[in-house]
Amino acid sequence: MSTLSDLLPAGSGGKQVNFVASGALSNGQTVGLKSDGTVETITTSTVAESMGSPVTTYFETGINASTIIQTKYSSCYDSLANRLVVVFIDKEPSSSTYFDLRYAIGTISGSSISFGTTGSVGNGQSPEFYTVSCVFHAGLGKAFLVFQQKIGASGIQMQTKLCTVNAATNTATFVGAFDFNANSQYWSTNNSLIGLVYDSVNETIVVCAKDVNTSNYTLAIANSNVGGNSWGTYQVINTSPIINNDSIAMCFDSTNNKIVIALFYSYQLHTIVVTAISATPPGKASLSIGTTVTQPNLDGANGFDLLYDSAKDRVVCFSQDSNLIKYNNGVISGSGTSAVITWATPGNVNAFSALWGTSGRAVYDSSTGEFAVIYLANSGSVPYYSIGRVDASNPNICTFNSPVSFNTSPAGSIESVTMAVNTTETGRIGCFYRDLSTNPSTGYVFGGASTVLTIGSSSTTNINFIGITDEAIADTATGSVTIKGGIVTNANLPTLTPNSVYYVQGNGTISTTSTSPAIRIGKALSSTSINLEFNS
């Protein structure tokens with residue numbers, strides 16, 4: 001026995017296990033362990049970037065044939081029920097005078113969304129509802145709504161609701177959580193002047209809005225137990241008056257455990273970093289308010305979105321300026337009242353004249369590490385989407401795929417876009433919007449177009465690597481696999497270089513290439529033998 005193969009024939013590593021094959025396997029093939037205990041070949045699958053064909057979705061027909069469709073929508077994704085939650089303000093079906101706060105629950109399947117029967121949130125009729133916004137509270141497994149409702153001749157009441165989704169029936173139930181007017185705040189009726197964010201580290205909800213009783217200052221209030229009525233004290237976030245069509249946006253930086261609030265006033269965009277602090281008694285929380293920073297060279301007059309890229313640790317703001325859709329990357333430093341965000345130089349999302357307004361939206365998909373942005377071309381009002389990401393080598397900039405037009409037959413503008421990332425499936429984003437080219441402005445109380453935006457992605461099963469086959473195994477047959485911790489000696493392996501480290505690639509081949517998505521599996525002992533590391 002003068003060779004290593006004589007000393008270590010196939011099967012001599014002591015780590016041979018019999019498995020049932022899922023699909024035919026060749027001798028010397030890398031395999032991954034499936035959830036059902038069978039093994040399969042390691043492969044790479046690719047999903048192409050696409051926008052599904054818009055499907056006109058009328059939630060209701062109504063008695064108000066002359067009423068223009070309402071345009072106030074918001075959405076979030078319930079990862080517990082695996083459903084899209086859309087909330088909207090609509091003319092009450094049984095009345096020509098009152099509005100109602102309503103909802104629809106959608107199931108994302110492939111490139112389309114199917115909705116259940118719409119229902120009332122249950123807050124009763126009101127002469128007018130204003131802004132509605134929602135987020136998903138992962139700790140409670142419920143959607144959280146905040147909305148403004150007109151009370152009497154002039155009072156504005158801001159309230160919250162908790163939403164529990166029934167996935168079997170695509171319906172939901174709502175319970176009241178809090179009335180923000182306990183301290184007689186008079187909230188603005190401006191549709192964009194409300195911010196809502198979920199702090200996933202502290203499991204805290206923070207609401208931010210303008211109060212006209214305090215010289216149009218921006219106030220915020222936090223609650224670490226949104227199932228009850230225990231909220232912290234209203235705090236003044238900013239003392240500069242917020243007037244006219246100025247806007248508020250918020251995001252949560254999960255790396256630094258900070259909330260970023262963006263405000264547009266005095267014709268400039270301003271950002272503030274705050275920290276939610278739990279307090280006693282339970283349920284109440286306060287905010288540590290950092291320094292206000294003016295974001296250079298960006299205009300937020302037409303609204304904006306503020307997102308956090310958890311993979312690159314960057315806050316990214318999207319807005320319109322000089323008839324272009326722009327982005328700006330920021331990074332947080334400091335803590336407490338010294339927390340501040342520093343912004344890089346703005347860059348362009350697109351190269352043509354474009355509009356943001358009520359049609360611009362951006363979301364971040366953590367499963368792909370990319371942004372999806374929707375906006376209108378200024379010429380012809382054709383909607384576009386673009387997929388981008390924070391640059392891997394220079395996190396101060398973003399790169400974007402070429403913009404893609406959609407819903408162009410017939411060409412028509414869209415408005416009131418709402419987007420929600422499907423958090424249970426890679427790269428799927430539920431989109432809903434009012435489509436002026438297909439929705440009549442009369443004859444329907446509420447309608448819109450729904451579709452699914454798919455972010456292109458590539459995935460591999462090499463993360464399930466368990467070992468290398470010792471023989472060819474037919475589909476559903478049982479055969480031997482040398483698993484991690486054993487030594488494979490097999491002439492069907494590629495020619496190996498002794499003492500070199502080898503990796504299984506995304507497509508299942510073995511080589512010394514170590515770049516992602518390659519996974520280290522062991523070190524070669526000879527040209528036909530490899531020691532499979534147990535912890536690889």
Side-chain angles (χ1 to χ4, degrees), residues 3-5 7-48 311 365-370 389 392-393 425-427 455-536:
T3 65
L4 187 60
S5 60
L7 291 168
L8 299 171
S12 67
K15 293 287 185 176
Q16 284 69 44
V17 179
N18 285 333
F19 289 96
V20 174
S22 176
L25 303 175
S26 60
N27 189 3
Q29 184 171 356
T30 58
V31 292
L33 182 65
K34 298 179 65 176
S35 59
D36 61 3
T38 62
V39 292
E40 64 179 350
T41 182
I42 290 173
T43 58
T44 296
S45 59
T46 301
V47 177
D365 181 0
S366 61
S367 69
T368 63
E370 294 186 295
R389 75 288 306 160
S393 59
E425 187 177 357
T426 300
I455 297 178
S457 62
S458 178
S459 62
T460 173
T461 57
N462 71 349
I463 59 173
N464 301 321
F465 172 78
I466 187 67
I468 297 174
T469 58
D470 298 317
E471 58 185 325
I473 311 173
D475 183 25
T476 71
T478 299
S480 175
V481 175
T482 299
I483 64 173
K484 294 189 290 185
I487 297 174
V488 177
T489 300
N490 194 317
N492 289 296
L493 293 173
T495 302
L496 308 175
T497 302
N499 208 37
S500 292
V501 175
Y502 280 84
Y503 302 79
V504 60
Q505 307 303 308
N507 62 2
T509 60
I510 297 172
S511 75
T512 56
T513 302
S514 61
T515 53
S516 180
I519 295 177
R520 176 170 170 152
I521 60 172
K523 185 176 289 188
L525 302 177
S526 73
S527 61
T528 57
S529 298
I530 184 170
N531 182 13
L532 298 182
E533 297 170 350
F534 181 77
N535 293 321
S536 61

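From a predicted model like this one, the values you see are computed outputs, not experimental measurements.
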Might you point out which heavy atoms bring [X] and [Y] nearest each other, and give the distance in Å?
X: Ala21; Y: Ala474; value: CB-O, 3.5 Å
X: Leu496; Y: Ala524; value: CB-CB, 3.8 Å
X: Ser367; Y: Thr426; value: OG-CA, 3.5 Å
X: Pro498; Y: Ser526; value: CG-CA, 3.9 Å
X: Pro517; Y: Gly506; value: CG-CA, 4.1 Å
X: Gly28; Y: Thr469; value: N-OG1, 2.9 Å

[Y] and [X], any side-chain heavy atoms less than 4.5 Å apart:
X: Phe19; Y: Leu33; result: yes
X: Thr460; Y: Ile42; result: yes
X: Ile473; Y: Thr478; result: no

Tell me, with the steps shown, if Thr489 and Thr528 meet side chain to side chain contact (heavy atoms under 4.5 Å, CB included). CA-CA 6 Å; Thr489 300; Thr528 57; 4.3 Å; yes
Check step by step if side chain to side chain contact (heavy atoms under 4.5 Å, CB included) holds for Phe465 and Ile521. CA-CA 9 Å; Phe465 172 78; Ile521 60 172; 3.5 Å; yes
Measuring from [X]:[atom1] to [Y]:[atom2], what's the distance to the nearest 0.5 Å?
X: Thr512; Y: Tyr503; atom1: OG1; atom2: OH; answer: 8.5 Å
X: Glu533; Y: Lys523; atom1: CD; atom2: NZ; answer: 7.5 Å
X: Ile468; Y: Leu493; atom1: CD1; atom2: CG; answer: 5.5 Å
X: Thr41; Y: Asn507; atom1: OG1; atom2: CG; answer: 9.0 Å
X: Gln16; Y: Ile487; atom1: CD; atom2: CD1; answer: 9.5 Å
X: Glu40; Y: Thr30; atom1: CD; atom2: OG1; answer: 10.5 Å

Side-chain donor-acceptor pair present, Gln505, Ser511, cut-off under 3.5 Å: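 Yes - a donor-acceptor pair under 3.5 Å links their side chains.
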Could you verify whether a donor N or O on one side chain and an acceptor N or O on the other, from Ser45 and Ser459, lie under 3.5 Å apart?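 Checked: Ser45/Ser459 side chains pair up, N/O donor to acceptor below 3.5 Å.
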Pick one: which of Asn27, Asp470, Thr482 meets side chain to side chain donor-acceptor pair (under 3.5 Å) with Asn490?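 In the set Asn27, Asp470, Thr482, the residue that makes a side chain to side chain donor-acceptor pair (under 3.5 Å) with Asn490 is Asn27.
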Is it the case that the side chain of [X] and the backbone of [Y] share a donor-acceptor pair, with hydrogens and angles ignored and the cut-off at 3.5 Å?
X: Asp365; Y: Gly427; answer: yes
X: Ser22; Y: Val39; answer: no
X: Thr461; Y: Thr43; answer: yes
X: Ser26; Y: Gln29; answer: no
X: Tyr502; Y: Thr497; answer: yes

